[in-house]
Amino acid sequence: MVKVEAVVIRERVETVIDAVEDATGHVGVTVIEAVGHGRQRGITHEYRGRVFESRFLPKAVLIFLVKDEIAERVQATVIDAARSGHESGDGICWRSPAENVTHHRTGRLLEEVEVGA
Amino acid sequence: MVKVEAVVIRERVETVIDAVEDATGHVGVTVIEAVGHGRQRGITHEYRGRVFESRFLPKAVLIFLVKDEIAERVQATVIDAARSGHESGDGICWRSPAENVTHHRTGRLLEEVEVGA
Amino acid sequence: MVKVEAVVIRERVETVIDAVEDATGHVGVTVIEAVGHGRQRGITHEYRGRVFESRFLPKAVLIFLVKDEIAERVQATVIDAARSGHESGDGICWRSPAENVTHHRTGRLLEEVEVGA
Amino acid sequence: MPESSDLLIAASTIWVVVAAVLVMFMQAGFAFLEAGLTRMKNAGHIAGKNVLIFAICSLVYWAVGFGFAFGGGNGFVGTAGFFPSVEELVSVGQKPFDWFSEVPGAAGYLFEVVFAGVSLAIVWGSMAERAKLWVYFAFGVCFTLCYSVTSHWIWSPHGWLFKKGMQDFAGSTVVHYQGALAALAGALLLGPRIGKFGHDGRANPIPGHNIPYAVLGTLILWFGWFGFNPGSTLGVDLGGFGYFAYVALTTNVAAAAGALGGIVTAWVVLKKPDLSMMLNGVIAALVAITAASGYVAPWAAIVVGLVAGFIAVVGVIAVERIGIDDPIGAVAVHGASGVWGTLACGLFTVPMLADRLATGHGGLVYTGSFHQLGVQLLGVAVVGAWTFSASFGLLWTMKKLWGIRVHEEAETLGLDVSEHGMWGYPEFYIPVPGGYDAWVTAPWERELRPQRPAPRPGSPATAPAPESA
Amino acid sequence: MPESSDLLIAASTIWVVVAAVLVMFMQAGFAFLEAGLTRMKNAGHIAGKNVLIFAICSLVYWAVGFGFAFGGGNGFVGTAGFFPSVEELVSVGQKPFDWFSEVPGAAGYLFEVVFAGVSLAIVWGSMAERAKLWVYFAFGVCFTLCYSVTSHWIWSPHGWLFKKGMQDFAGSTVVHYQGALAALAGALLLGPRIGKFGHDGRANPIPGHNIPYAVLGTLILWFGWFGFNPGSTLGVDLGGFGYFAYVALTTNVAAAAGALGGIVTAWVVLKKPDLSMMLNGVIAALVAITAASGYVAPWAAIVVGLVAGFIAVVGVIAVERIGIDDPIGAVAVHGASGVWGTLACGLFTVPMLADRLATGHGGLVYTGSFHQLGVQLLGVAVVGAWTFSASFGLLWTMKKLWGIRVHEEAETLGLDVSEHGMWGYPEFYIPVPGGYDAWVTAPWERELRPQRPAPRPGSPATAPAPESA
Amino acid sequence: MPESSDLLIAASTIWVVVAAVLVMFMQAGFAFLEAGLTRMKNAGHIAGKNVLIFAICSLVYWAVGFGFAFGGGNGFVGTAGFFPSVEELVSVGQKPFDWFSEVPGAAGYLFEVVFAGVSLAIVWGSMAERAKLWVYFAFGVCFTLCYSVTSHWIWSPHGWLFKKGMQDFAGSTVVHYQGALAALAGALLLGPRIGKFGHDGRANPIPGHNIPYAVLGTLILWFGWFGFNPGSTLGVDLGGFGYFAYVALTTNVAAAAGALGGIVTAWVVLKKPDLSMMLNGVIAALVAITAASGYVAPWAAIVVGLVAGFIAVVGVIAVERIGIDDPIGAVAVHGASGVWGTLACGLFTVPMLADRLATGHGGLVYTGSFHQLGVQLLGVAVVGAWTFSASFGLLWTMKKLWGIRVHEEAETLGLDVSEHGMWGYPEFYIPVPGGYDAWVTAPWERELRPQRPAPRPGSPATAPAPESA
Ligand SMILES: Nc1ncnc2c1ncn2[C@@H]1O[C@H](COP(=O)(O)OP(=O)(O)O)[C@@H](O)[C@H]1O
Ligand SMILES: Nc1ncnc2c1ncn2[C@@H]1O[C@H](COP(=O)(O)OP(=O)(O)O)[C@@H](O)[C@H]1O
Ligand SMILES: Nc1ncnc2c1ncn2[C@@H]1O[C@H](COP(=O)(O)OP(=O)(O)O)[C@@H](O)[C@H]1O
């Protein structure tokens with residue numbers, strides 16, 4: 001199978017998950033809270049007269065393990081749904097191969113399980 | 001080396017880590033808190049008369065970087081130990097190649113270090 | 001592109017990010033809080049006369065998606081900068097290929113965007 | 001050997017000052033009730049604003065409010081006692097504060113200013129999480145004056161409603177209903193918080209971030225209410241020596257009934273014993289008994305409390321239903337319940353107690369007469385019209401002229417960081433040096449970085465070892 | 001000119017009411033001590049239940065408890081003053097509440113009901129994190145009645161133990177020991193929390209989630225105890241005018257000694273100056289001095305406190321050793337220490353003070369006589385037998401009939417969400433709109449989703465650009 | 001029929017005891033103000049240490065401190081009343097505590113010991129997050145004694161500064177300035193916290209972890225200050241019957257002005273309405289008005305408060321600028337502002353009030369005379385020299401002999417876990433059984449592990465299914 005990973009702004013986590021389900025029928029995602037640093041400016045803070053900027057901004061990492069055949073479609077959907085229209089900070093998305101993706105409860109390959117489901 | 005990753009329920013984090021150590025002698029893991037969404041139903045909440053379900057459930061992501069030769073054994077052990085007997089939510093496990101796995105403290109390859117250890 | 005991942009102690013997160021930027025000019029990183037278990041001893045706790053050790057120690061996972069040509073350099077810099085001089089716990093670093101790394105805001109490949117930038 | 005008249009002053013002043021101090025502490029109760037029932041990103045702002053508004057109120061009330069309320073005058077407003085002098089404040093029972101016959105004018109000020117502070121604190125509950133900071137200053141001043149005038153009508157012996165025999169022992173109408181009216185005006189003009197209502201108008205729950213805070217706030221309020229109601233005897237002998245203990249009893253049983261009324265109603269109606277509803281029930285009951293505490297029998301106090309607990313639950317739901325976003329539930333808990341408590345006097349006042357307090361007459365259930373109920377209704381109607389229109393007008397003007405709501409980004413980011421520059425719980429949001437889950441080297445501090453150790457032989461920086469992998 | 005007898009009533013009522021109010025605030029102390037020493041997932045429930053049980057107690061005690069305790073009657077129970085009327089509550093020194101000779105019956109109610117509330121609050125400390133919600137209602141009512149009867153024995157002039165000259169100035173036995181006995185019964189019948197004991201029976205530490213809360217709770221309790229002990233003079237002249245100030249002094253030095261006793265014992269015995277043990281030491285010392293505060297010399301108060309601090313530490317460990325899961329340590333801190341304090345009177349009571357208070361005789365160290373110690377022992381034994389068996393019997397019956405412990409899943413998930421439907425700290429557990437680390441669009445809210453911008457030219461949805469990679 | 005002299009004692013004792021209890025509660029205020037303005041990893045320690053030091057202070061002050069301060073004696077120190085007996089404590093107006101003419105010696109002790117506790121609490125604010133635990137014990141004892149001596153100078157009728165007519169109504173100098181002097185000595189000897197200053201000496205902000213805690217602390221302090229200042233009449237008739245109500249008024253308007261002074265100064269000077277600065281402003285104002293509360297007119301109280309609010313903001317910044325790490329800002333808020341308040345008497349004291357209180361003379365603005373200002377200056381200078389050198393000397397010696405600062409690792413890890421073995425918020429740091437985001441099986445508990453279900457047919461452990469992939 002293929003592992004599709006994306007860094008998205010937190011407001012978009014559910015939009016992306018729903019979009020993937022709508023577009024490809026894929027159900028199953030793991031979400032990790034993260035902070036990111038890139039082109040986007042951080043938030044400015046002031047405390048007792050000292051001004052400083054936090055360079056990290058809240059993001060979320062989404063991990064989808066999907067069948068090879070839908071991988072491209074999933075990624076395209078993610079990229080599309082993750083776009084917020086803000087001028088910066090929307091994040092990135094990539095994919096990589098995952099071998100022997102197994103389903104703990106049944107001990108069988110996830111692909112088979114999903115077919116089964 | 002190989003990177004074995006697993007999404008497990010939090011109650012099983014240590015069971016899995018111990019099982020891997022017992023079965024393969026491998027020591028070394030990184031644990032990340034995550035939330036997941038899949039076939040399993042979320043928890044129902046009620047506040048001031050409004051009922052709603054949180055679609056995300058607490059999970060943990062385990063990352064093991066292991067020698068190629070024990071990769072399969074490690075994964076099999078994880079899959080086995082992660083199974084809680086609940087009717088849903090036990091998660092999944094997969095593996096993928098990792099190149100040039102280096103150990104910061106010594107600057108040498110992790111494999112060599114582990115041999116050294 | 002290449003995905004360079006590293007587990008580092010939290011004090012080193014920024015040192016590493018700055019070192020990578022200085023050495024390779026690469027900007028863009030995603031940071032995830034994690035806990036790790038390895039050769040290093042945990043912290044001892046005592047509560048109402050019961051002594052126990054927490055086996056997990058706070059770490060951070062850094063994810064860099066970088067152009068193939070600078071991947072090795074980035075990794076070398078990370079390994080170098082992550083070393084704290086402590087006797088244990090500095091963590092590890094590895095890399096793996098990432099396909100079709102796309103930039104959400106523009107919908108274009110990250111490489112092109114970075115060139116553009 | 002002290003005169004017994006001096007001892008009466010001593011005892012009365014002790015009681016009134018202690019009661020005032022208990023009521024002042026209610027600011028901490030509101031701070032934590034409101035902070036607990038709102039979100040983390042606004043916690044510092046919500047808690048801190050109670051200090052700010054009480055400060056504003058304290059100075060305005062000293063300068064003119066106290067004079068408006070109790071400085072002699074006509075039926076509508078006091079006309080003396082502005083910027084009171086040392087003499088006016090230390091003397092007992094002298095003009096312009098002769099209404100306070102057993103305590104120095106200063107004790108009168110202290111006891112009345114904390115009431116004004118409570119009324120003002122209520123206002124912001126419904127305006128929480130989206131109002132601009134300067135509005136607290138501007139409207140805080142205006143409301144304190146508006147409050148002072150109304151309190152003159154009902155509590156000053158010169159007041160026209162007082163003369164009609166309106167019964168509002170400690171201020172269900174004066175303090176709570178008034179605060180709720182301004183709160184309602186504010187909530188209407190501000191509009192709901194981002195994310196509170198969906199496109200179809202259905203409300204989203206926005207649970208408060210810290211129920212223990214809300215519990216602490218409620219218990220502090222309950223505690224402070226023992227100054228609020230019993231202290232309103234303004235001395236040790238109103239209604240008879242030690243009568244204030246009886247007022248404390250009715251207050252306590254009503255609050256208890258309110259807790260049960262609230263949690264049971266929630267359990268039955270909402271199917272869950274919602275804790276925030278139980279807490280609202282306590283406060284609603286305390287609000288309701290405030291007017292009645294000196295006038296009713298214990299059984300009636302329990303009825304007043306039970307009904308108030310019910311009102312709190314259905315009121316909060318109802319207010320949400322009609323599309324008003326009231327984060328704390330002030331409109332239902334202080335408004336609806338304040339009205340209920342005021343009218344309850346018209347129903348349950350014991351004639352003997354009305355005589356003891358020399359205010360109005362017995363209630364419907366004892367006298368079969370609607371007279372007192374009518375007076376209470378009149379008071380509620382007039383105060384409702386005046387305070388709501390005044391508050392709405394003032395806030396409407398501010399809104400038109402300068403805007404009273406923060407920008408969308410500021411609201412989304414949270415008022416702590418956008419208005420004050422720093423989170424209420426910084427370590428959960430940003431790396432603080434040596435802070436929680438944080439990176440000891442703060443982002444804004446370069447020099448601090450630990451020096452990198454010289455690369456060891458064989459380290460990738462010098463040798464190509466890893467490359468060879 | 002007021003009569004000096006009126007002024008005596010005024011002064012006594014001020015004092016008793018203020019003291020009662022301080023004691024009422026101890027509910028906030030228990031709420032935060034207990035919430036602080038338990039887990040996040042139960043924080044709202046633990047804090048909130050103190051409001052609930054005080055509410056139940058307030059109504060039951062008004063209806064019948066006060067009559068049982070102080071409504072005249074025989075040596076075993078009061079037989080008058082149920083559902084007291086306005087007249088009975090406002091009059092001073094009249095039957096049925098003639099025992100309160102300087103304050104109105106209402107002041108008597110107020111002061112005694114807050115004591116009942118404290119005793120009831122103690123019960124739930126040991127039952128924390130696993131009891132069903134309805135049990136608070138059912139057992140709350142029963143225990144309040146049981147408590148009222150026992151307090152009649154010791155505090156009513158008609159009580160048989162009172163007649164024997166038992167010394168329990170403010171209730172080490174009546175309030176604290178009794179609460180601890182019911183707590184013990186509850187802990188035994190509920191069994192330990194999931195995860196408390198391993199298969200080999202070794203105990204796991206389950207540290208409380210918020211030490212600052214526990215500190216706040218302890219300081220509120222210390223604060224409230226200045227009403228608890230000194231207020232038990234029930235007037236301004238018991239033991240001499242202003243004698244209550246002396247009671248406050250013994251209370252304070254004992255509490256101080258308890259803090260040191262607790263932290264030093266922990267440091268020496270457990271090798272670490274455990275903060276929760278220091279706090280337990282303070283409370284244990286306050287519990288112990290409660291009985292003795294009016295009877296002993298300052299040096300003895302310090303001894304009582306030091307020993308109580310020691311008892312708290314070893315007691316908590318011992319209770320855990322024998323396999324009882326007492327999350328707050330109520331059995332050791334209120335039970336063992338309450339017994340110690342009661343017996344301490346038999347040892348250290350100053351004869352002159354026993355005479356001043358006209359209760360019992362001097363203690364062993366002054367008189368060389370074991371008489372008083374014997375009386376104290378008798379009281380402890382009888383109360384222990386009666387309250388433990390009554391509580392155990394009641395809870396055992398409830399357990400058999402309906403079950404008193406929540407289901408395993410509910411306990412694992414936490415009582416906040418399983419019993420009340422919502423977390424005590426929602427933003428740490430679920431996405432709240434605009435909440436901490438959360439996704440502004442709440443899961444249960446579809447329409448709210450930001451509309452997706454129309455895909456730009458070259459975006460993957462329309463063109464295959466990325467595919468070409 | 002009670003004598004009116006007895007009633008005077010009763011009323012005075014009620015007032016003094018109630019005031020003392022309010023002041024005692026300020027320990028909770030300091031605990032939460034300080035915990036809120038420091039970091040999560042030290043929260044338990046910071047809050048808990050207030051219990052510890054008040055305990056130490058309570059015993060030391062009973063044993064010798066009270067005697068040093070008020071036990072008759074010469075101009076420099078009291079020489080009687082050590083380890084006071086029951087008789088000395090229950091009698092009124094008798095030697096050695098005859099200075100307390102209307103309340104029992106015990107009430108005197110209670111009221112004075114809580115003041116010593118406040119002064120001691122201030123010390124640790126500047127030493128927060130890095131001092132060793134035993135230092136609290138050792139220096140706590142020493143400072144309490146040092147404090148007692150100084151208070152004798154100014155508050156005992158035998159004291160040499162008292163005889164000079166120094167005006168320090170409730171202790172701007174005695175309590176706050178002294179505490180700040182020791183705090184300064186401690187901050188200098190400890191040095192800044194790790195990460196506070198960069199290599200270039202620029203300061204890093206280390207924001208406190210919980211602004212709501214700081215707000216609660218501030219409101220508790222404001223609340224307690226109504227005991228602090230008005231209670232300093234030590235009876236009901238100093239300055240006239242009920243005069244203490246006037247003292248409460250000046251206290252309240254000053255605090256209000258301080259809040260506004262603080263937030264406005266921050267807004268103007270620092271460009272942001274920093275909440276912690278508003279809170280500092282309140283406290284600075286309360287500190288300043290402490291000396292003047294009985295002597296000045298309301299308008300002057302407002303001036304004193306506004307200026308204090310300004311001093312708090314610029315003072316905190318200034319202290320940081322010169323390289324001193326004062327986590328709470330005690331040096332500016334209690335030191336600079338305490339001096340300001342003491343001198344303010346020399347400027348604003350109303351002659352009529354000075355006469356009422358029979359202490360000193362009118363201030364410059366009324367009398368045009370610099371006399372009183374001179375006396376105030378002398379007091380500030382002498383106390384400054386004595387207390388700073390004594391504290392610095394003591395701490396310097398302790399530092400040289402045993403070291404007063406924890407090791408670097410301990411400081412980095414946090415005092416909760418390094419000094420006490422457990423975090424203040426354990427569930428955010430370690431897995432607790434059944435705790436937040438945690439793994440039910442605690443790391444230290446093996447047996448608890450859920451048994452693994454027998455591998456199912458086709459599970460990888462038995463069959464090579466996955467391998468076949
Ligand atoms: N090269 C990269 N490697 C890892 N994460 C990246 C990289 N580039 C961007 N990110 C992630 O995407 C987020 C948004 O990137 P940013 O450059 O701020 O937005 P934009 O590119 O839209 O201006 C960053 O905060 C970071 O988490
Ligand atoms: N395709 C997937 N991609 C990523 N994570 C997944 C996927 N399927 C399942 N998971 C993770 O595994 C967890 C358990 O999956 P779920 O379907 O709920 O359990 P089960 O399959 O046993 O019913 C999910 O919460 C999610 O974190
Ligand atoms: N094989 C591994 N797989 C995953 N993570 C690892 C592995 N080895 C080490 N780590 C991570 O690196 C951290 C440091 O490793 P550790 O062995 O404690 O340090 P050192 O090797 O310097 O003694 C661990 O806490 C863990 O997070």
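Sequence lines set the chain letters: A, B, ... in the order given, protein chains first and strands last, and positions in each chain run from 1.
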Audit row: D:Met40, D:Asn210, side chain to side chain contact (heavy atoms under 4.5 Å, CB included) steps and yes/no: CA-CA 8 Å; D:Met40 279 182 75; D:Asn210 193 317; over 6 Å; no
Residue pair F:Tyr243, F:Tyr246: steps toward the ring-ring contact (aromatic ring centres under 6.0 Å, His included) verdict: CA-CA 5 Å; F:Tyr243 181 69; F:Tyr246 177 75; 5.7 Å; yes
Might you work through the side chain to side chain donor-acceptor pair (under 3.5 Å) test for D:Trp62 and F:Asn252, ending with a clear yes or no? CA-CA 10 Å; D:Trp62 168 74; F:Asn252 193 60; over 6 Å; no
Which is it for D:Thr13 and F:Phe241 under the side chain to side chain contact (heavy atoms under 4.5 Å, CB included) test, yes or no, and what are the steps along the way? CA-CA 8 Å; D:Thr13 309; F:Phe241 282 89; over 6 Å; no
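Residue contact with chain D, scored on non-hydrogen atoms closer than 4.5 Å, involves the backbone and the side chain of F:Leu7 alike. Only the side chain of D:Pro104 has a heavy atom closer than 4.5 Å to any heavy atom of chain F. For F:Ala255, no part sits under 4.5 Å from any heavy atom of chain D, backbone or side chain. Both the backbone and the side chain of D:Ala43 come within contact range of chain F, with heavy atoms under 4.5 Å apart. Only the side chain of F:Met352 has a heavy atom closer than 4.5 Å to any heavy atom of chain D. For F:Leu216, the parts lying near chain D are the backbone and the side chain together; criterion is any non-hydrogen pair under 4.5 Å. Heavy atoms of F:Leu413 lying under 4.5 Å from chain D are absent altogether. Residue contact with chain F, scored on non-hydrogen atoms closer than 4.5 Å, is absent for D:Ala35. Of the two parts of D:Ile9, only the side chain, counted from C-beta on, holds a non-hydrogen atom closer than 4.5 Å to a non-hydrogen atom of chain F. Contacts between D:Ser418 and chain F at a heavy-atom distance below 4.5 Å involve the backbone alone (N, CA, C, O). For D:Val16, no part lies under 4.5 angstrom from a heavy atom of chain F. For chain F, the nearby part of D:Glu87 is the side chain; its heavy atoms alone come within less than 4.5 Å. Neither the backbone nor the side chain of D:Glu3 comes within contact range of chain F, judged by heavy atoms closer than 4.5 Å. In this structure, chain D has heavy atoms under 4.5 Å from both the backbone and the side chain of F:Leu8. Heavy atoms of F:Leu270 lying under 4.5 Å from chain D are absent altogether. Contacts between F:Arg193 and chain D at a heavy-atom distance below 4.5 Å are absent for every atom of the residue. For chain D, the nearby part of F:Met278 is the side chain; its heavy atoms alone come within less than 4.5 Å. In this structure, chain F has no heavy atom under 4.5 Å from any part of D:Phe111. Residue contact with chain F, scored on non-hydrogen atoms closer than 4.5 Å, involves the side chain of D:Val17 exclusively.
When the heavy atoms of residues 131-140 of chain D are compared with those of chain F, the residues falling under 4.5 Å are D:Leu133, D:Phe137, listed by number. Residues of residues 229-240 of chain F that come within less than 4.5 angstrom of chain D, heavy atom to heavy atom, are F:Val236 in numerical order.
The choice from F:Val18, F:Ile14, F:Leu260 that makes the most heavy-atom pairs within less than 4.5 Å of chain D is F:Leu260. Your options are F:Val253, F:Val247, F:Thr218, and the one with the most heavy-atom pairs under 4.5 Å with chain D is F:Val253. Chosen from F:Ala245, F:Ser12, F:Gly208, the residue pairing most often with chain D at heavy-atom distances under 4.5 Å is F:Ala245. Looking only at heavy-atom pairs under 4.5 Å with chain F, the residue among D:Pro2, D:Ala10, D:Ala28, D:Gly108 that has the most is D:Pro2. Interface check for chain F: of the options D:Gly424, D:Ser58, D:Ala107, the most heavy-atom pairs under 4.5 Å are formed by D:Gly424. Chosen from F:Trp299, F:Trp267, F:Tyr425, the residue pairing most often with chain D at heavy-atom distances under 4.5 Å is F:Trp267.
At least one side-chain heavy atom of F:Val282 sits less than 4.5 Å from a side-chain heavy atom of F:Trp222.
Between the side chain of F:Asn280 and the backbone N or O of F:Ala312 there is no donor-acceptor pair closer than 3.5 Å. Not a single donor-acceptor pair under 3.5 Å links the side chain of D:Gln27 to the backbone N or O of D:Phe25. Looking at F:Arg39, its side chain never comes within 3.5 Å of a backbone N or O of D:Val432 through a donor-acceptor pair. With hydrogens and angles ignored, the 3.5 Å screen pairs a side-chain donor or acceptor of F:Lys41 with a backbone N or O of D:Gly434. The backbone N or O of F:His45 lies less than 3.5 Å from no partner atom in the side chain of F:Asn42, so there is not a single donor-acceptor pair. Side chain of D:Lys49 to backbone of D:Ala31: no donor-acceptor contact under 3.5 angstrom is found.
Between F:Phe244 and F:Trp15, the two ring planes are parallel [angle under 30°; tilted spans 30° to 60°]. Ring planes of D:Phe66 and D:Tyr109: perpendicular class, angle over 60° (limits at 30 and 60°).
With salt bridges taken as basic N to acidic carboxylate O contacts below 4.0 Å, one links F:Arg202 and F:Asp200.
Atom OH in F:Tyr429 sits 6.5 Å away from atom OH in D:Tyr436 (nearest 0.5 Å). Within the model, atoms CG of F:Leu249 and CZ of F:Phe226 stand 9.0 Å from one another, a figure rounded to the nearest 0.5 Å.
Checking F:Thr251, F:Leu22, F:Val23 one by one against F:Phe228, the side-chain contact (heavy atoms from CB on, under 4.5 Å) holds for a single residue, F:Val23.
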